[in-house]
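Here's the structure we're looking at; comments come further down.
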Amino acid sequence: MRGPDPEPVAGPAPRTIEGASLIGQRISKLDAPDKASGRARYIHDLNLPGQLHAKIRRSDRLHARIVSIDTSRAAALPGVHVILTAQDIPQRGLGVNKDNPALKGEKVRSLRDEIAAVAAETPEIAAAAARLIEVQYEDLPAITDAAAARAPGAPLLHDNKPGNLALTFDYEHGDVALGERESDFVVEDTFRLHYVTHCCMGVSGMIAEFQPNGRLLLYSNTQVPFLHKREFAEILEMDPGDIRIIQPPIGGGFGSKLDIYPFEPICVFLARAARRPVKLVYTREEEFIASPTRQPVILTLRSGCRKDGTLTFRTCTTLHDNGAYTSWGATTPFVMMQTISSLYRLPHCRYHTDAVYTNNPYAGSFRGYGNLQATFAVEQHMDRLAEAAGMDPLSFRLKNAQDPGETSLAGLHFRTCGLKDCLRTAAERSEFPVRHRRAAAARNDGSRVKRGVGMASMLHVGGGAKIYPSDGCGTILKLDDFGRVTVMTGASEIGQGSETVIAQLVCEELGLPMSAVTVVNNDTDITPWDVGVHASRTTFIAGNAAIGAARLAREKILRAAARLAKSDVDSLDLHAGNIIRKNDGEIVMPFAKLLRALHFSEQADLVMTSFYYEPPSKHQDKTFKGDVSAAYAWATQVIEVEVDTDTGMVRLLKVTAAHDVGRVLNRLGIEGQIEGGIVMGQGYAVTEDLVIENGVCRNPAFRDYKLVTAPEIPEMDISFIETMDGEGPQGAKGVGEAPAICVAAAVANAIYNATGVRICALPYTPERVYRALHAAGAG
Amino acid sequence: MKPPAREITFTLNGRPRSVEVPLTLSALELLRDVLGLTGTKYACGEGECGACTILVDDRSLCSCLLFAVDLDGRAVTTIEGIAADDASEPLIQAFVNAGAVQCGFCTPGLVVQARHFLAHHANADRAAIKRALEGNLCRCTGYQKIIDAVAERVAALHERGEEKDARSRS
């Protein structure tokens, strides 16, 4: 469903005054002053009168039948109000496979499993009570290896899931056997991708309150408030209309808040039972242990090309360790297959994946959504095939890169496609060809510290992703009689800057300064529907919705102004808070005066408009063919590394990134997204490793889970390739996930360039690199 | 049973303050949960992330690692104190202008740390700025724009020839 006018999102608004556009400017975030001065109130900072504090008692067994739960000692602790176990709440499963009950009654399947929950006067009492709950278990054989979980006779985690198979995907185009016969060179590797986790600086939390009228008010950090209303309603057996979600400022998302997790309904059930507001906030240790991870993957890739460098086929199988329950991690193949099938022109492709249950932690969605894993493998094979064919990595990629207007054999239609420009720009700015040749020639010069450059590209959705029945977003615009605009948008702000970009797009249409706009984006009782912050979609989708509403308002205002000023609509424009004459820029009347005149006239009217934008993307068919996004984002990154062959230490010296972003809207914001994404990718590639040994998380603390710090960041050189996407808001495409996606692949290729050793497993910690170099005799 | 407690007196953001604190209470809990100064953030509770950075007698410290009772007799400055100090307005504005704020959860700790650093190292180069921010984790920005914000202040202090009184003017 489109809004009333199919045209208004098609291109930039007409501008009559030179240099007046906000587009492409460096605009600081609207919420930055409050955040920088400590005034922003996150969920951790909010407390309601009469509020109780909650604590969850988790399993200390990997896989066990629960024989008994004794809450009597905990209940006797002064200050304890409510203790809930599985028998107190409906046994409905959460998540993709509905396999994860909020509280586990019959058995536990991982160390994070929720067995009971306490609401008490203070967090300390709640924690003490949770410890006093006595649980008797009968241990069951545990599986912590994904391959073992598939073996015949392996113990089953879920009785209704034979073979421990949680989810499986198959994709095919062409005939890979034919493709292999036509190949002059074939390479095959198995890549192992590890556990990492989001590490949002604000830990998970929620406040639940049943209001006097029976409605449920949730203070939540969710990235998908409107979808959550429905999910909560199902779990709680409530009318979704009786649920209101308010999102305070959110201390980081990155995909971690895309699913509903047990702690959330637990908090609500406690509030219902206690008849008091209940606040549940994780500790950092709990955040590490009980939050979703990035999907760990074992990926086997076989690829081929002809002598002239033309790609012939790609066969990929992946094994996803699903953990004990199914969250979004198991669905990452949906994105992975786009990279495998369509990052380059590819005649033959086959992809199969299994996600299998184990007693490990489960994976969720995480910025990039499987694409870091797929790109890590595909882009290393691009380098391996280039070398086999005697070509340099740049020419090999250019030969196989697609052009604007092409449709990949998976059905992805690239209306705009800046990949070749990304490749050339990144290569030129980094002096890739000469540095690559020089480093390869110096590999055996006997020096201890070696340098190398690596290149990797990526393809990701940049115009939303049609995975739900709708991929749309609504906007309501309200103009008051002082010329101030309130933008009510369904889009959530999680730090990425959507609030600012939406305000900017509205101001651009209405000729107003940024100071004239208030954005309301965090209350489901006020804001119109939106599918959520995911898939790099917010600027594109919510931006188009905001522009749509602003253009309706603009039209209404200009028509009224023409009536009052007795002139032709087409002769008027909006600029700098005034109605002006187009031809000479002469002020006809101030914006605010017109709005007041309208408001107080005989035919009193308030300027309010609404617009719902649904992108023209379609659902893929059952074979995963079709155009899933309204636009696609492209990027190439060249990374220079230094490898100390004595210690195995890998340092990132410089990242030269070229991103097809459609068009730069807010230069400050987009730089921030790309820099932050690159450094997150650096962590994935080099420092971060959530160590899960036999189902146990061994490093649930920043002390041992190594995030990148300020002195370790590389020099970053960022270029924007502006392809002016016809469907994008002012030509822009999504960018949120893209910068993190190809870092690890480029680092892998750079290490190879420096040392001649290809390491197919992450992360590139000193120990792993040292061992690999020495095993290969290159240390 | 009431936990053992002690009355302490200290200077909080320039004003004297007396409060009875349980002996096991951390300075972070005192500020956030007792005194309502929620600009100082909990993000790890073990001194690894810097989100809870405060100034105590002109040293920058992780308040999660300090006992509240140890604030007795000291001068404490939190982000609220810095935000209310006109002399720090350019620093906060530098964070805003540079795009150093995304989700913002780490930002108050970084502003406090930057304030402390600028007061003592007004001639710092970029490498020194990076080292000074090493103890503050940020998951959103990739640090570049945070470093830019502090570097802008260093340059501005230089330009105005205020090295001499930089201690009080950062």
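By convention in this document, chain letters (A, B, ...) are assigned in the order of the sequence lines, proteins followed by strands, and residues within each chain are numbered from 1.
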What part of [X] is in contact with chain A, defined as an atom under 4.5 angstrom from a non-hydrogen atom: side chain, backbone, both or neither?
X      : result
B:V96  : both
B:I147 : side chain
B:K145 : both

Exercise for the section: With a 4.5 Å heavy-atom cut-off (strictly below), which parts of residues 9-25 of chain B touch chain A? List them by number. Expected result: none

Exercise for the section: Pull out the residues in residues 679-690 of chain A that come under 4.5 Å of chain B, heavy atom to heavy atom, sorted by number. Expected result: A:V679, A:M680, A:E688

Exercise for the section: In plain terms, say whether A:K29 and A:E493 are close enough for a salt bridge, that is, a side-chain N and a carboxylate O under 4.0 Å apart. Expected result: yes

Problem - Residue part contacting chain B, namely of A:I713, when any heavy atom lies under 4.5 Å - result: both

Problem - Residue among A:Q496, A:E285, A:E671 with most heavy-atom pairs under 4.5 Å to chain B - result: A:E671

Fill in the blank from the handout: Tightest non-hydrogen contact, residues A:S365 and A:G255, listed as OG-O, 2.6 Å

Exercise for the section: State, yes or no, whether a side-chain contact exists between A:D45 and B:R32 at a heavy-atom distance under 4.5 Å. Expected result: yes

Practice task
Output every pair passing side-chain hydrogen bond (donor to acceptor under 3.5 Å, both in side chains) with a member in residues 61-75 of chain B, not counting sequence neighbours, ordered by first then second residue.
Solution key: B:R6-B:D72

List the atom pairs, with distances to 0.1 Å, where a side-chain N or O of residues 45-57 of chain B and a protein N or O form a donor-acceptor pair under 3.5 Å, not counting sequence neighbours.
from, atom 1, to, atom 2, distance (Å)
B:E46, OE1, A:R703, NH1, 2.7
B:T53, OG1, B:G50, O, 2.6
B:D57, OD1, B:A75, N, 2.8

